[in-house]
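Predicted model, so just to flag it, every value in this text is computed and none were measured.
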Amino acid sequence: MTAESASLAPIWPDSSAFLSYFPDSFEAARSAWLGLAERAGRQATSRTFDHPMTGPGNEMLATDSLWLGAVDAPRVVVLISGTHGVEGYAGSGVQAYLLDGICRAQIDIPADCAVLFVHALTPWGMAWCRRCDEQGIDLNRHFVDLENPPQNSDFAKVQACLAHDDARLRAQALAALARELGRTAYELAVSGGQYVDPRAPFYGGTKPNHGRCVIESLIADHQLFQRELCVLDLHTGLGPWGYGELICDHPPESAGTRAARRRFGDAITEPALGTSSSVPKHGLLDYAWHSGMNDQSCFLTLEFGTYSTQALFETVIADHHHWAHQRPVGGTDAAWQAARRSMLDHFYPADPDWRQSIALRSLQVLRRALAAP
């Protein structure tokens with residue numbers, strides 16, 4: 001056994017044991033996360049950002065944060081889960097696994113570094129198994145000038161396809177549009193961000209929502225733009241099965257991209273250069289951080305792959321169609337349960353090896369992030 005494998009062994013149980021880290025409900029996820037936060041030690045500061053809505057079981061919803069390390073640490077690693085609500089289940093499991101490793105002193109936080117965990121940034125979407133919030137807002141299209149949002153010139157063509165009630169006709173119309181536009185332009189039209197239709201996917205909103213206010217508050221209260229940052233936003237649903245892609249949306253050859261490469265080398269991919277499973281998009285959470293980061297800082301999306309981009313589109317479109325025409329009234333709603341299961345199957349696979357893979361990848365990335373670049 002090598003020294004590296006020996007160092008991993010204490011926190012690397014078999015795949016079935018890993019399931020204990022991964023929640024099956026918002027309440028279970030939050031309860032487990034808060035329990036680990038309480039164990040985290042004296043150099044820990046937690047905050048709760050209550051959400052005005054409730055979950056399918058009438059449970060209270062909130063985003064929680066936890067600061068581990070010296071309050072004046074010059075370097076900070078930020079780990080965010082649940083930017084896209086339903087993806088928060090995987091993100092919560094990853095955070096629980098890493099927090100447990102920290103609590104057991106199996107993951108060391110350097111003296112000059114702190115870690116800020118942000119749990120369930122879109123709690124309503126997580127509880128109801130949607131990517132968006134209760135207003136239909138996709139938080140990862142929301143960080144724009146909301147009074148003068150960018151234009152998606154081809155979205156009207158997408159809207160026309162989505163108008164079909166029959167799923168088969170929608171799929172045929174969208175396939176024809178993909179042939180007309182070409183694959184990249186089609187993906188941009190569907191998922192690049194739109195600011196006109198709250199009932200359709202990838203809607204960016206018109207007023208700041210819960211998640212945006214949380215992020216702005218954390219940046220200000222912890223004076224994060226005065227520190228060297230490595231922000232990791234945990235997502236699922238794009239790319240190869242079980243692989244954690246480090247997506248860099250800093251402009252090519254910018255200071256942020258150079259900072260990311262110093263930490264992670266050639267592991268990073270860049271949508272702007274066509275090297276990523278993602279295409280460039282409007283309004284990403286990244287841009288809120290880019291605006292104030294110093295030249296030694298970076299923001300990366302850690303995207304855990306499941307199924308194809310086309311499968312993602314089909315799943316999300318079906319979910320939006322369901323909510324537009326049959327909004328559920330509670331957790332026992334049978335049609336919602338079917339929609340919920342479809343979303344979980346795509347964004348939170350039950351396969352224990354997939355969950356083990358994303359946890360290991362997260363451990364690798366966190367250790368690189370904690371090391372001085």
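In this structure, Y97 has its ring center closer than 6.0 angstrom to the ring center of Y21.
No side-chain donor-acceptor contact under 3.5 Å links T122 and H210. Side-chain contact check for Q159 and D197: at least one donor-acceptor pair (N or O, by modelled atom type) lies under 3.5 Å.
In this structure, the side chain of S191 does not engage the main chain of L188 through any donor-acceptor pair within 3.5 Å. Counting only distance, with no hydrogens or angles, the side chain of H142 and the backbone of N209 share a donor-acceptor pair below 3.5 Å.
Relative orientation of the F225 and W289 rings is perpendicular, given thresholds of 30° and 60° on the angle between their planes. Taking the six-membered ring where the residue is Trp, H250 and H290 present parallel rings, their angle staying beneath 30° rather than reaching 60°.
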Practice item. Please test D345 against S342 for side-chain hydrogen bond (donor to acceptor under 3.5 Å, both in side chains), starting from the C-alpha separation and ending with a verdict. Key: CA-CA 5 Å; D345 285 347; S342 179; over 6 Å; no
Point to revise | Step-by-step salt bridge (Lys or Arg N to Asp or Glu O under 4.0 Å) determination, R168 to E314 | key: CA-CA 11 Å; R168 181 179 58 85; E314 291 170 358; over 6 Å; no
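When side chains are defined from C-beta on, L246 does not count as touching T269, because their heavy atoms never get closer than 4.5 Å. Proximity of L177 to C161: side-chain heavy atoms (C-beta onward) are separated by under 4.5 Å at one or more points. The shortest distance between side-chain heavy atoms of W128 and W323 falls below 4.5 Å. No side-chain heavy atom of Y89 sits less than 4.5 Å from a side-chain heavy atom of F22. The shortest distance between side-chain heavy atoms of Y195 and V144 falls below 4.5 Å. F313 places none of its side-chain heavy atoms less than 4.5 Å from the side chain of S308. The shortest distance between side-chain heavy atoms of R130 and W124 falls below 4.5 Å. Proximity of S81 to L121: side-chain heavy atoms (C-beta onward) are nowhere separated by under 4.5 Å.
Annotation: salt bridge (Lys or Arg N to Asp or Glu O under 4.0 Å) contacts of D154 (sequence neighbours excluded): K157. For D286, there are no side-chain hydrogen bond (donor to acceptor under 3.5 Å, both in side chains) partners two or more places apart in sequence or in a different chain. Every residue meeting the side-chain contact (heavy atoms from CB on, under 4.5 Å) condition with P271, not counting sequence neighbours, appears here in chain and number order: I247, D249, S276, S278, P280.
Residue M293 is not grouped with residue L284 when hydrophobic side chains (ILVMFWY) are merged at heavy-atom distances under 4.5 angstrom, including chains of intermediate members. Cluster annotation: V365 is connected to F304 through the hydrophobic network of ILVMFWY side chains, with a link wherever side-chain heavy atoms come within less than 4.5 Å.
Counting all heavy atoms, side chain and backbone alike, R227 lies closest to P74 at CB-O, 3.4 Å. Taking every heavy atom of both residues into account, R340 and D24 meet most closely at NH2-O, 3.5 Å.
Of the residues listed (Q95, E38, H119), the one engaging W33 in a side-chain hydrogen bond (donor to acceptor under 3.5 Å, both in side chains) is Q95, and it is the only one.
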